[in-house]
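Since the structure comes first, as structure tokens, the remarks are kept for the end.
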Amino acid sequence: MSKPSVLVSRRLPAAVEAKLSDGYDVVFNRNDRPMSADQFRDALANFDAVVPTGTDRIDARAFDVPRLRTRIIANYGVGFSHIDLACTERQAITVTNTPDVLSECTADLAMMMMLMVARRAGDGERELRAGAWDGGRPTHLVGTKVSGKVLGIVGFGRIGQEMARRAHFGFGMEIVVYNRSRVPEEVLARFGARQAESLDALLPQCDFVSLHCPGGPENRHLMNGVRLSLMKPDAYLINTARGEVVNETALAQALMFDTIGGAALDVFEREPAIDPMLAQCDNLVMLPHLGSATRETREAMGMRVIENLDAFFRGEMPRDLVAGPGPKLHVLPRIV
Ligand code: DGY
């Protein structure tokens, strides 16, 4: 029996590519550049499965195909706001993601960025590399203490909870949470956390605010000018979630006029483009979307993609179903 065909949009860790090639008839995008809408249209017309990543845009243009072949989009990554779910729903395409395996590493990075901006690690590194360090002095690059401060966590899913664990048990921070639904008391109790009634109620209480909510239209510009003005004037904002959650123009203004203490961003509204106003802000730490970028996690994400594909093509419901009917409507090309 022929193997299902799979298009993979970016290079993946070698072990993942090898395992995927064992079970499937795979085409890799060898040049590792982002694929265009036309290329995705082609992929959806010609492959049984497509494996995209968060750097792709799979919007309505990609689904404008007379005879669509793809039955499953097995995303490599937990976020899926780059996939038009209204279109996948209409075309009965199953969508999966890779949760859990990246929660720890993303929280590690958020913690690191919080420390970096508070302790002025970016300023210090820039100074050293520019050969501008003329020795220590009591007033040199003085930052803000992190231990024991109040951390607001926006979105208390898996990554938010890992962030709470690190901040509370590692740094003695007091945790306040904003989450759309009510968080069970026993979950809050694990981290000595309390839940704020609203985001507006949370912001003025926090020394640090770390975003861990999903992206997508419902959270677009959740942190806008008004919300930034609710933060304490010396508080810090950390975003390792999705770029669209923060209005970058409003953030650049807040940083330039020092209405907040600083910010750290691992994600941006128009990746890989960086708003030139942000690049001018010294009280900002920026990283190029490294949340899940460890060998262990990037491999585990790939293995989770394969698990989802294997289940789907065996006729079972994939473990990480995001949307769609699962395998039940399809003629399955292969049993794994
Ligand atoms: C994710 O998994 O969504 C991370 O942001 C990596 O893209």
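Counting convention: from 1, in listed order, for ligands and their atoms alike.
When Glu271, Met301, His289 are ranked by how near their heavy atoms come to atom 4 (C) of ligand 1, first place goes to His289.
Atoms of ligand 1 lying under 4.0 Å from any heavy atom of Gly79, numbered from 1 in the order shown and given with element: 1 (C), 2 (O), 3 (O). Per-residue contacts place Ser292 under 4.0 angstrom from the following atoms of ligand 1 (heavy atoms of the residue considered): 6 (C). Listed by number with element, the atoms of ligand 1 under 4.0 angstrom from any heavy atom of Leu102 are 2 (O).
Using a distance-only test at 3.5 Å, with no hydrogens or angles considered, a donor-acceptor pair links the side chain of Tyr24 to the main chain of Asp310.
More than 12 non-hydrogen atoms from other residues, nucleotides or ligands lie less than 6.0 angstrom from CZ of Arg11.
For atom 2 (O) of ligand 1, the closest heavy atom belonging to the protein is Val78 N, 2.7 Å.
We find that Asp234 and Lys232 are not joined by a salt bridge, their nearest charged nitrogen and carboxylate oxygen being 4.0 Å or further apart. With salt bridges taken as basic N to acidic carboxylate O contacts below 4.0 Å, none links Arg242 and Glu244. Checked for salt-bridge contact, Arg158 and Glu162 miss the test: no charged N lies under 4.0 Å from a carboxylate O.
Of the heavy atoms in Thr106, none comes closer than 4.0 Å to ligand 1.
Of the N or O atoms in Arg242, one or more lie within a sub-3.5 Å distance of an N or O in ligand 1.
For Phe171 and Phe208, the gap between ring centers reaches or exceeds 6.0 Å.
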